[in-house]
Amino acid sequence: MCGIIAIAGDRPVAARLISGLKRLEYRGYDSSGVAVVGADGSLSRRRAPGRITALEAAVAQGPIDGVLGIAHTRWATHGAPTETNAHPHQAGGVAVVHNGIIENFAELRAELAAKGRTFATETDTEVVAHLIDDAIADGLAPEDAAARAIRRLTGAFALAIAFQGRDDLLVGARKGSPLVLGLGDGETYLGSDAIALAPFTNRVVYLEDGDWAVLRPSGFQVHDADGRPVERPLIVTSASAAVAEKGNYRHFMEKEIHEQPETVAHTLAAYVDASALAAHPRDGLRFADIDRLVIVACGTASYAAQIAKYWFERFAGLPVDADIGSEFRYRAPALVKNALALAISQSGETADTRAAILECKRQGLATAALVNVEHSTIAREVDTALPTLAGPEIGVASTKAFTSQLAALAGLAVAAGRARG
């Protein structure tokens with residue numbers, strides 16, 4: 001749940017990056033940091049444990065700025081939540097922020113140490129910075145060095161990379177962890193999600209798994225996992241800075257509790273025709289033709305799955321397996337071919353749920369996903385995407401997304417009952 005924001009632009013970025021971090025506070029964090037490339041080409045960092053106000057104080061005490069920068073909020077995984085371990089991490093002229101876990105970092109660290117490189121932190125992320133800097137030392141251009149390093153990484157990651165002397169170049173990459181590219185007027189952006197970019201632009205590109213991108217103020221180029229230039233669709237998102245504001249409420253959870261009458265109503269309207277007192281059939285879901293429903297979900301969504309099991313079996317006579325995504329693949333499930341696999345995920349990015357639904361797809365099942373983020377990774381990878389229409393959920397404890405999931409599942413259960421007679 002770490003947060004990333006990065007800007008390649010034509011005007012100062014430091015204050016805007018910190019403002020962007022504040023909009024990512026809902027993801028949770030224990031430290032934060034920012035790195036910018038100055039007009040003289042210098043690469044400067046400021047980092048602090050604790051609240052973002054501590055980072056603001058560090059920048060106020062030692063001002064830095066430029067037209068290109070990267071910033072990060074961190075939840076500690078490898079290494080304690082200290083200033084030293086806070087992102088961005090730097091090796092030579094390379095600074096990196098990273099969400100996820102590099103699984104082969106120990107092997108790469110040992111290899112780099114054998115070449116004489118020394119490490120200042122206990123983190124897996126610092127290895128990425130050294131790997132890229134090592135490739136630059138071998139004579140590669142920054143973007144080519146980043147591409148070579150990315151190919152060697154195993155695990156889940158979203159990366160934003162800045163280079164000393166290059167205030168016109170950012171590199172981003174994703175595998176397993178989401179990363180969104182944004183297009184502005186004379187600027188480009190990277191963010192953990194569309195909400196992170198909402199203050200800057202509503203024109204976004206969702207990077208596919210394995211993609212890496214070269215960003216310049218004037219535009220961008222996306223490459224797939226094999227390094228081939230590819231086109232990804234530019235989407236105008238409904239995410240806005242306004243929806244991420246608390247308004248008159250004390251905190252986001254309180255705000256989202258009070259939004260439930262509206263969000264449940266929106267969701268019901270997508271699944272039920274109130275005037276005809278009938279459930280809408282959903283394109284792509286052939287409930288009459290399946291013998292079993294397999295639901296995979298994690299966390300709060302798994303509770304929605306357990307409730308839906310009762311509804312589908314009672315009202316549609318449809319046998320249901322409701323599995324926790326993180327356990328699904330490891331119990332070697334026996335899947336019948338004439339089944340539908342349904343993933344439930346508020347974000348559409350839940351890694352274990354995504355792995356489970358992809359395993360169902362690999363075994364030949366039809367797949368669907370109930371998600372709250374229309375263009376999320378899971379939504380793009382299944383055969384049929386189903387909306388919950390709850391709007392962005394910022395609060396850590398799920399409220400409106402959960403009740404919207406239940407509203408959608410109730411509508412689907414009735415539709416399935418109708419289809420099955």
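Keep in mind that this is a model prediction, so the values were computed, not measured. We use all heavy atoms of the structure for the numbers below, so side chains are in, but hydrogens, waters and symmetry mates are not.
- Not counting sequence neighbours, Glu327 has no partner by the salt bridge (charged side-chain N to carboxylate O under 4.0 Å, His left out) test.
- A donor-acceptor pair under 3.5 Å links the side-chain atoms of Thr201 to the main chain of Leu183, judged by distance alone.
- Without hydrogens or angle criteria, Asp167 side chain to Val37 main chain gives no donor-acceptor distance under 3.5 Å.
- Both the sub-6.0 Å distance and the 45° axial angle are satisfied by Arg282 relative to the ring of Tyr271.
- A donor-acceptor contact closer than 3.5 angstrom links the side chains of Thr121 and Thr123.
- You'll find the side chain of Asp134 reaches within 4.5 Å of the side chain of Arg117, heavy atoms only.
- In this structure the side chain of Arg16 reaches within 4.5 angstrom of the side chain of Phe200, judged on heavy atoms.
- Counting heavy atoms from C-beta outward, Leu293 and Leu342 have side chains that approach closer than 4.5 Å.
- The side chain to side chain contact (heavy atoms under 4.5 Å, CB included) test applied to Pro319 returns Arg292, not counting sequence neighbours.
- Among residues two or more places apart in sequence or in another chain, the side chain to side chain donor-acceptor pair (under 3.5 Å) test is passed with Glu359 by Arg362, Gln363.
- At distances below 3.5 Å, at least one donor-acceptor pair connects side-chain atoms of Gln90 with backbone N or O atoms of Gly92.
- Evaluation of the salt bridge (charged side-chain N to carboxylate O under 4.0 Å, His left out) rule for Glu208 yields Arg380 as partners, not counting sequence neighbours.
- Atom-to-atom distance recorded for Leu340:CG and Asp291:CG is 11.5 Å, nearest 0.5 angstrom.
- With contacts defined as side-chain heavy-atom distances shorter than 4.5 Å, the pair Val204/Asn202 does not qualify.
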Go through Glu111 and Lys115 one step at a time and tell me if the salt bridge (charged side-chain N to carboxylate O under 4.0 Å, His left out) criterion holds.
-> CA-CA 7 Å; Glu111 175 189 316; Lys115 297 176 73 172; 5.5 Å; no
Please step through salt bridge (charged side-chain N to carboxylate O under 4.0 Å, His left out) for the pair Asp321 and Lys309, ending with a clear verdict.
-> CA-CA 7 Å; Asp321 295 320; Lys309 174 182 171 71; 5.2 Å; no
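- For Arg47, there are no salt bridge (charged side-chain N to carboxylate O under 4.0 Å, His left out) partners at least two apart in sequence or on another chain.
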Evaluate the criterion side chain to side chain contact (heavy atoms under 4.5 Å, CB included) for residue pair Gln164 and Val94; output intermediate values, then yes/no.
-> CA-CA 6 Å; Gln164 182 173 295; Val94 178; over 6 Å; no
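- Judged as a salt bridge (charged side-chain N to carboxylate O under 4.0 Å, His left out), not a single pair has a partner in residues 410-421 (not counting sequence neighbours).
- Using a distance-only test at 3.5 Å, with no hydrogens or angles considered, no donor-acceptor pair links the side chain of Asp323 to the main chain of Ala297.
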Working for salt bridge (charged side-chain N to carboxylate O under 4.0 Å, His left out), residues Arg354 and Asp209 = CA-CA 12 Å; Arg354 176 174 175 260; Asp209 218 32; 3.1 Å; yes
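- Looking at residues two or more places apart in sequence or on another chain, you find no salt bridge (charged side-chain N to carboxylate O under 4.0 Å, His left out) involving Glu83.
- A side-chain hydrogen bond (donor to acceptor under 3.5 Å, both in side chains) with Asp211 is found for one member of Arg232, Lys175, Arg174, His223 and no other, namely Arg232.
- In this structure, CG on Leu389 lies 4.5 Å from OG1 on Thr267, to the nearest 0.5 angstrom.
- Scored by the side chain to side chain contact (heavy atoms under 4.5 Å, CB included) test, Ala147 finds Arg151, Trp212 as partners (sequence neighbours excluded).
- For the 3.5 Å distance criterion, the side chains of Asp383 and Thr367 qualify, holding a donor opposite an acceptor.
- The side-chain heavy atoms of Arg203 and Ile235, taken from C-beta on, include no pair separated by under 4.5 Å.
- Residues forming a side chain to side chain contact (heavy atoms under 4.5 Å, CB included) with Ser19 (at least two apart in sequence, or on another chain): none.
- Take Ile257 and apply the side chain to side chain contact (heavy atoms under 4.5 Å, CB included) test, not counting sequence neighbours, and it matches Met253, Gln260, Thr399.
- Between Phe312 and Phe287, the two ring planes are tilted [angle within 30° to 60°].
- Contact between Gly411 and Ala279 at its shortest, heavy atoms only, is O-CB, 3.7 Å.
- Residue pairs meeting the salt bridge (charged side-chain N to carboxylate O under 4.0 Å, His left out) criterion with at least one member in residues 333-353: none, sequence neighbours excluded.
- Identified under the ring-ring contact (aromatic ring centres under 6.0 Å, His included) test for residues 374-407, with sequence neighbours left out: Tyr206-His375.
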Candidate pair Ile357 and Glu381, rule side chain to side chain contact (heavy atoms under 4.5 Å, CB included), full reasoning | CA-CA 9 Å; Ile357 202 71; Glu381 291 177 335; 5.6 Å; no
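- The residues Glu187 and Arg216 are annotated as not salt-bridged, no charged nitrogen and carboxylate oxygen being separated by less than 4.0 angstrom.
- When the shell of 6.0 Å around CG of Asp283 is examined, it contains 12 or fewer heavy atoms from other residues, nucleotides or ligands.
- Of the inter-residue distances, the one linking Asn99 atom CG with Thr125 atom OG1 reads 8.5 Å to the nearest 0.5 angstrom.
- With rounding to the nearest 0.5 angstrom, the CG atom of Asn104 is 13.5 Å from the CZ atom of Arg109.
- In this structure, Thr154 and Ile102 have side chains that are not in contact, with every pair of non-hydrogen atoms separated by 4.5 Å or more.
- In this structure, the side chains of Val371 and Leu386 stay at 4.5 Å or more apart for every pair of heavy atoms.
- Under the 4.5 Å side-chain criterion, counting only non-hydrogen atoms from C-beta, Leu285 is in contact with Leu412.
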Decide side chain to side chain contact (heavy atoms under 4.5 Å, CB included) for Val67 and Asp10; before the verdict, give the C-alpha distance in whole Å, the side-chain angles of both, and the deciding distance to 0.1 Å.
-> CA-CA 5 Å; Val67 296; Asp10 56 2; 5.6 Å; no
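- Side-chain contact of Ser398 with Glu393: a donor-acceptor pair under 3.5 Å is present, judged by distance alone.
- If you take CD1 on Ile5 and CG on Leu21, they are separated by 7.5 Å, rounding to the nearest 0.5 Å.
- Taking SG of Cys298 as the reference point, atom CD1 of Ile324 lies at 7.5 Å (rounded to 0.5 Å).
- Ring geometry for His98 against His87 counts as parallel: the plane angle stays under 30°, on a 0 to 90° scale with 60° as the upper cut.
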Would Leu108 and Leu131 count as a side chain to side chain contact (heavy atoms under 4.5 Å, CB included) if you check the C-alpha gap in whole Å, the side-chain angles of each, and the deciding distance to 0.1 Å?
-> CA-CA 8 Å; Leu108 294 171; Leu131 204 58; 4.1 Å; yes
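- Judged purely by atom type and a 3.5 angstrom limit, Glu256 uses its side chain to pair as donor or acceptor with the backbone of Ile394.
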